[in-house]
Undergrad: 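Got a structure for you, questions after.
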There are 2 protein chains.
Amino acid sequence: MATIRDVAREAGVSIATVSRVFNQTALVTDATAQHVRTVASRLDYWPNSAARSLITHRTHAIGVLLPDLYGEFFSEVIRGIDMAARREKYQVLVSSSRANAETIVAAVRALRGRIDGLIVMAPDADATAAIGDFAARFPVLLLNPGATAIEVGALSIANHEGAYAAVRHLIDLGHRRIAMVMGPSGNLDAGERNAGYRQARADAGIAHLPELELAGDFSESSGFQAAEALMRIRPRPTAVFAANDYMAIGLISALRDADVRVPQDLALVGFDDIAIAQYLSPMLTTVRVDACELGERAMQRLLPFARTRRPAEPHRETLPTTLIVRHSCGAQTPANGATVGSRHRPRGTRHLDDRTSAVRDGGAPGEV
Amino acid sequence: MATIRDVAREAGVSIATVSRVFNQTALVTDATAQHVRTVASRLDYWPNSAARSLITHRTHAIGVLLPDLYGEFFSEVIRGIDMAARREKYQVLVSSSRANAETIVAAVRALRGRIDGLIVMAPDADATAAIGDFAARFPVLLLNPGATAIEVGALSIANHEGAYAAVRHLIDLGHRRIAMVMGPSGNLDAGERNAGYRQARADAGIAHLPELELAGDFSESSGFQAAEALMRIRPRPTAVFAANDYMAIGLISALRDADVRVPQDLALVGFDDIAIAQYLSPMLTTVRVDACELGERAMQRLLPFARTRRPAEPHRETLPTTLIVRHSCGAQTPANGATVGSRHRPRGTRHLDDRTSAVRDGGAPGEV
DNA sequence: TTGTAAGCGTTATCAG
DNA sequence: CTGATAACGCTTACAA
């Protein structure tokens with residue numbers, strides 16, 4: 001591997017000049033610059049990043065710390081992060097850890113010195129706390145940290161608003177006995193979605209009924225199991241809000257087995273709008289979260305701080321969600337909506353003021 | 001940030017000794033070692049990885065180059081890679097690129113000097129070729145490179161065998177007019193799955209019919225569209241093999257809209273066994289690929305070479321696939337298989353000799 | 001506009 | 001077993 005010295009010697013200049021050419025710093029004659037570049041590419045020279053970062057204290061890499069929970073949501077977030085990183089010529093170092101504080105701290109330590117900034121997806125409350133003091137002296141951006149007191153840069157999803165819109169939609173359709181399948185306890189997104197559910201009930205004057213809140217952990221199988229619990233409730237709920245789409249899928253599957261028709265016997269709304277939501281039967285009404293954009297935005301927010309390696313401002317930002325009305329909620333019947341054209345994924349209109357808007361997907365005749 | 005000098009001074013030893021303690025190299029008295037460690041942790045010292053890799057020429061990082069196509073399969077592979085990396089204390093640098101040779105070379109260049117080894121998921125043929133000469137002088141492991149002539153370390157999936165088993169299964173159920181929804185042209189996995197399909201037909205004495213091979217690109221929507229083409233074929237096929245599960249989902253959705261019953265009117269088999277395959281209606285018969293294990297194994301294979309930074313041996317290895325028989329193929333009727341217990345995901349028995357085995361999922365009464 | 005030279009924080013090679 | 005000291009490949013004052 002050629003070094004800066006080889007290039008300098010071969011080009012008949014000093015190593016400082018070569019360095020300048022590769023950093024487009026200081027004034028260098030176009031002629032010499034061109035010459036140096038030619039020699040460099042002939043020698044297949046590329047600056048050694050270790051040597052460079054040893055002196056500049058910059059790595060041009062961003063760390064991404066994920067929970068070991070995976071799935072479409074996370075992979076979309078990474079995709080967004082990667083897209084933004086590539087645009088800005090930054091590398092992405094991914095690392096997963098269990099959500100507990102201990103492993104998070106260990107993961108952060110392992111990343112130390114290798115990154116200029118860190119994006120942490122910490123869906124648990126204690127994980128957020130664990131990262132706190134680190135964030136005070138290093139550029140860190142938290143994804144979905146909930147409403148904790150710690151002062152950190154953060155980006156979250158309008159979970160509360162999204163859930164509120166979903167449940168409100170069910171209420172508007174005439175439902176009163178509306179159950180909810182919860183996410184993992186301790187998970188902040190899940191908690192906020194539950195709060196939105198409760199708020200919507202309260203605002204409609206529907207009493208809080210703890211027995212309508214069924215356990216779940218965001219997995220298909222937990223949705224499947226929740227359906228069994230659901231069917232034992234008397235009087236049986238007429239609608240259910242699942243804290244994510246995967247559980248909604250499990251629910252649909254179990255309900256079908258039990259000959260409970262969706263939406264006729266039980267209306268259903270999910271959360272996330274994963275890619276296959278529109279291919280389910282019935283097509284799933286859900287709250288769209290643009291996970292890819294979340295990742296991109298996180299990178300955008302973090303980069304200015306990463307470049308200067310100063311702690312990120314403790315500013316919080318919330319990404320809007322969109323209620324996507326399909327068939328599982330009963331607002332539209334499968335009969336009039338099943339066309340090929342209805343399978344596209346409209347991006348919907350984003351209203352940044354009210355953080356949850358609604359679009360109708362696949363319903364209106366001629367909408368194709 | 002404390003440096004090795006600070007620790008040395010504070011501990012009253014030389015920097016060489018501190019270095020030795022942190023590399024558990026050479027003999028150091030337990031007493032001094034202990035003392036140094038204490039001082040180091042008090043100063044919150046951690047070796048600077050840039051300085052370290054500048055002299056050792058090791059980064060303790062592995063690069064992962066992905067196609068920009070994402071989805072459950074890729075995220076599972078990354079998860080496997082990450083698990084193995086964490087075990088071995090290696091970092092993972094992910095980077096995506098379009099599959100074409102040009103962007104791949106650019107991505108590799110950007111990674112140069114930052115990694116000790118590279119895992120490339122290059123589902124396209126020309127991408128594989130692009131990586132060839134780089135692999136001759138650097139530890140590279142290709143995932144699913146197809147049967148190209150280049151001598152590289154590679155890990156692939158038993159695509160041919162899996163597809164063969166799927167189609168053979170349909171033939172054994174009495175089907176003769178079996179269509180296939182293809183993957184993207186140029187995609188090597190897709191090509192091998194098609195070859196398996198053709199081979200199974202040929203071995204059963206069924207003539208090759210080009211019109212039964214429908215275009216697709218691995219997306220749900222392409223499966224949806226393929227269904228329309230499928231239904232125009234006369235005489236209509238009685239079974240269809242989809243090159244992946246996402247397309248199978250699109251197919252199911254379109255067929256339901258057209259009132260074509262699966263499996264009664266049309267039997268269906270997919271490929272990949274994504275998590276929700278067992279929650280579809282009907283439950284999807286498919287060929288399981290353990291994407292997570294693929295990632296883990298890739299890391300295992302690559303690491304010995306990464307440690308020495310010598311090019312990987314041009315050894316090829318194929319991971320077995322398993323036919324998972326559920327309802328969409330018609331071998332089992334939904335009536336007798338729909339129990340809660342059937343929703344677990346049995347790992348199946350792996351027969352390493354014949355690279356595709358079969359398991360029955362959710363059928364046998366009492367299997368729960 | 002270009003060159004010289006002093007580090008950056010380690011590890012590795014020798015002596016002791 | 002421990003300590004000097006020379007690299008590693010680069011950036012960046014400071015000089016010319």
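Residue numbering restarts at 1 for every chain, and letters A, B, ... go by the order of the sequence lines. Computed over heavy atoms, backbone and side chain alike; hydrogens, waters and symmetry mates excluded.
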Undergrad: Under the rule for side-chain hydrogen bond (donor to acceptor under 3.5 Å, both in side chains), what residues qualify as partners of Glu313(B), not counting sequence neighbours?
TA: none
Undergrad: Under the salt bridge (charged side-chain N to carboxylate O under 4.0 Å, His left out) rule, collect the residues that match up with Arg309(B), sequence neighbours excluded.
TA: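 Partners of Arg309(B) under the salt bridge (charged side-chain N to carboxylate O under 4.0 Å, His left out) test: Asp116(B).
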Undergrad: Name all residues meeting the side-chain hydrogen bond (donor to acceptor under 3.5 Å, both in side chains) criterion together with Arg87(B); count only those two or more places apart in sequence or in a different chain, and write none if there are none.
TA: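 Expected list: Glu296(B).
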Undergrad: Sequence neighbours left out, what passes side-chain hydrogen bond (donor to acceptor under 3.5 Å, both in side chains) with Arg137(B)? Give chain and number order.
TA: none
Undergrad: List in numerical order all residues of residues 37-52 of chain B for which some heavy atom is under 4.0 Å away from an atom belonging to DNA chain C.
TA: Tyr45(B), Trp46(B), Pro47(B), Asn48(B), Ala51(B), Arg52(B)
Undergrad: If you fit an axis to the five pairs at each end of the helix from dT1(C)-dA16(D) to dG16(C)-dC1(D), how big is the angle between those two axes, to 10 degrees?
TA: 30°
Undergrad: Output a table of nitrogen or oxygen pairs between the protein and nucleotides 12-14 of chain D separated by less than 3.5 Å.
TA:
none

Undergrad: Where along residues 2-10 of chain B does a heavy atom fall under 4.0 Å from DNA chain C?
TA: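 Output list: Thr3(B), Ile4(B), Arg5(B).
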Undergrad: Go through the structure and list residues passing ring pair (Phe, Tyr, Trp, His ring centres under 6.0 Å) with Phe73(A), not counting sequence neighbours.
TA: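 Ring pair (Phe, Tyr, Trp, His ring centres under 6.0 Å) list for Phe73(A), sorted by chain: empty.
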Undergrad: Could you work out, with side-chain hydrogen bond (donor to acceptor under 3.5 Å, both in side chains) as the rule, every residue matching Thr17(A), not counting sequence neighbours?
TA: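 side-chain hydrogen bond (donor to acceptor under 3.5 Å, both in side chains) list for Thr17(A), sorted by chain: Ser14(A).
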Undergrad: Does any pair with a residue in residues 103-113 of chain B pass salt bridge (charged side-chain N to carboxylate O under 4.0 Å, His left out), and if so which ones, sequence neighbours excluded?
TA: Asp44(A)-Arg109(B), Asp44(A)-Arg112(B)
Undergrad: Test: ring pair (Phe, Tyr, Trp, His ring centres under 6.0 Å). Region: residues 108-138 of chain B. Which pairs qualify, not counting sequence neighbours?
TA: Phe134(B)-Phe138(B)
